[in-house]
Peer 1: 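Below: one structure in structure tokens.
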Amino acid sequence: MVLLNQKGFKLPRVEKEKFMLLLRLGLDYNSQQTLYSIKNYNSIHQLRDTLQDILKSEIAFTQTCTICNIDFGCSTCNYTKFCPTKDLPFTCVCNQCLRPKKNLQQQKLF
Amino acid sequence: MKNDLWVEKYRPTLIKDVIGNEEAKILFVEWLGNKRRTKKAVLLYGPPGVGKTTLVNAAANEYNFRIIEMNASDTRSEKAVTRIANPATSFTGLDKFSSEIKGNILFMDEIDGIAGNEDRGGVNAIIKIIENTRAPIIMAANDVEIEKLRPLKKVCTLIRFQPTRIPLIIMALKSICEQEHVKYEFVALEKIAVNSQGDVRSAINDLQGLSEEGKTLTEQDTLALSLRNKDVSMYDTLKEYFAVKNIADAANLLNYSTVEYDDLLMAIGDNMPKRYTDTVKLAEAYDFLSQADVFRGRIGIEHWHLLKYFYNNLAQAASVDPESYKPFEFISPPIRVITLFWTKSKRTLLTSICMKIGVQCHVSKYEAKMIFVPYLRLMLQQRKKANALAEWLKLTPEEVTFLTGLKMF
Ligand SMILES: Nc1ncnc2c1ncn2[C@@H]1O[C@H](COP(=O)(O)OP(=O)(O)O)[C@@H](O)[C@H]1O
Ligand SMILES: [Mg+2]
Ligand SMILES: [Zn+2]
């Protein structure tokens, strides 16, 4: 699993056609920093498939916490099983912000 | 203030307070602020209760647009659409020199309604308006897959809304609780949020329905939610249930599952032989299952504290032999299929009927459904007994009609 930060990530060199496809699917490319970022989210599912194809691995996008602004992965979330959208869109609330009490006990099972 | 609907009271008026769907918000605001729009119309689409209508109003407010609203659901003909829409679109000049108002925006909310069966005209009229107008046009729809809307897709910018994330909903619920001075257990908010499946409106409504002044909102209070939950797929729950690696996973899954207890119990029971091919393991699993059934019976409608034993036993049944798990196809006998694929409202009706039977006859809802309902239906069909029986059970006329009309049993 590769975790990509939508605000900027690197990809291996791709052929021109692939590159154009990526731009069409909503990526932006900063040639100075050689970083890709996501500009348009409308074809995000296709984009994800294409990226998985290029990276030959499953990918996930980082989330940005709307409260403290840190980037984090969904693997730290307690609700992934019930998440209606998996790792899209890209904003959520991180665990620390959601449960401000430090050691708020994990829910007792029984 | 008790009669205020919290969904209205806490409807955001600023773009930044509309939670979730950040990307969609950005796209929409860009579209709104861009005078050289490539397309004059925009269609916001996605599930209900995620803030589409709210966002449009908040954005218009912040960007000083005047919204001319047109309720598409009310519009049944091309004529009507044109009549309402034309003034708005030809006004634009009027406010040109006003510094306050940037212009009019035509807003057609819930345009899926316009694609009612008879009138293709409605959609065509909208397309005409889009072609002939200067004012920007905003549309919102809950279901963009409707065949009739297809022509619209070509002439507008599409912005997709997703269900709202659980943590975001929890934060919103927390904030409302604080403003309403409602004390809460965190788990209770978690449950409400999970149960809402990303629908902020229904989460807030549930919160309001469950909170009582001066009482702490507890996890137990939220148990009633799963009795009237949405039509989540039983299939997904079963799939995960039978594949769990350990009892904790099973417990966690059940803890959050929104499938109705009784349906779940039956479905698990039916599929158990396919899960455990080893007869010893199977017997062990069935032992737990029957324990669960016993607790389910005792829970009735009052003893919710027993629910954890019910879940505990179900969890144990799932984890008798994790190593032996192989995927298999679930069986779903007719009676289950019937209740599972019913709509939410039908299930709610049946649930309510079974609870009433449970109260009067001192049986579990499960027994009520499996044993009593079929007979009750026959008895109610006999005019003479029907009234007294319905009265004794405190059934509403709607419930009686529903029962007598049942074909399934
Ligand atoms: N994203 C959101 N942020 C905050 N409140 C929301 C959001 N979505 C829905 N709500 C609440 O639910 C109510 C209904 O939302 P609405 O915008 O009408 O949903 P939609 O148009 O997508 O069906 C609002 O009044 C508000 O209280
Ligand atoms: Mg709406
Ligand atoms: Zn945070």
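Residue numbers begin at 1 in each chain, while the letters A, B, ... track the order of the sequences.
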Peer 1: Report yes if some heavy atom in the side chain of A:Phe90 is under 4.5 Å from a heavy atom in the side chain of B:Glu22; otherwise report no.
Peer 2: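 Sidechains of B:Glu22 and A:Phe90: no contact.
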Peer 1: With a 4.0 Å cut-off, would you call B:Glu23 and A:Lys39 a salt bridge?
Peer 2: no
Peer 1: If only atom types and distance count, is the side chain of B:Arg165 paired as donor or acceptor with the main-chain N or O of A:Thr91 below 3.5 Å?
Peer 2: yes
Peer 1: How far does CD1 of A:Ile67 sit from CG of B:Leu168, to the nearest 0.5 angstrom?
Peer 2: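 Answer rounded to 0.5 Å: 8.0 Å.
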Peer 1: List the steps and the verdict of side chain to side chain contact (heavy atoms under 4.5 Å, CB included) for B:Arg160 and A:Ile44.
Peer 2: CA-CA 11 Å; B:Arg160 174 171 173 180; A:Ile44 193 71; over 6 Å; no
Peer 1: What part of B:Glu30 gets within 4.5 angstrom of chain A, counting heavy atoms only: side chain, backbone, both, or neither?
Peer 2: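 Neither part.
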Peer 1: Could you walk me through whether A:Tyr79 and B:Ile170 pass the side chain to side chain contact (heavy atoms under 4.5 Å, CB included) check?
Peer 2: CA-CA 11 Å; A:Tyr79 312 103; B:Ile170 295 175; 3.4 Å; yes
Peer 1: Under 3.5 Å, is there a donor-acceptor pair between the side chain of B:Lys174 and the main chain of A:Leu98?
Peer 2: yes
Peer 1: If I take atom SG from residue A:Cys65 and atom CE from residue B:Met171, how far apart are they, to the nearest 0.5 angstrom?
Peer 2: 8.0 Å
Peer 1: With a 4.5 angstrom heavy-atom cut-off, could you sort out which part of A:Cys94 is near chain B: side chain, backbone, both or neither?
Peer 2: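 Answer is neither: A:Cys94 stays 4.5 Å or more from chain B.
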Peer 1: Would you find more than 12 non-hydrogen atoms of other residues, nucleotides or ligands less than 6.0 Å from B:Lys245 atom NZ?
Peer 2: no
Peer 1: Does A:Lys7 have more than 12 heavy atoms from other residues, nucleotides or ligands lying within 6.0 Å of its NZ?
Peer 2: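 Yes, the 6.0 Å shell around NZ holds more than 12 heavy atoms from other groups.
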Peer 1: Tell me, for A:Thr66 versus chain B, whether the close heavy atoms (under 4.5 Å) come from the side chain, the backbone, both or neither.
Peer 2: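 A:Thr66 touches chain B through side-chain heavy atoms alone.
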Peer 1: Starting at CD1 of B:Ile166, measure out to SG of A:Cys77 and round the result to the nearest 0.5 Å.
Peer 2: 7.0 Å
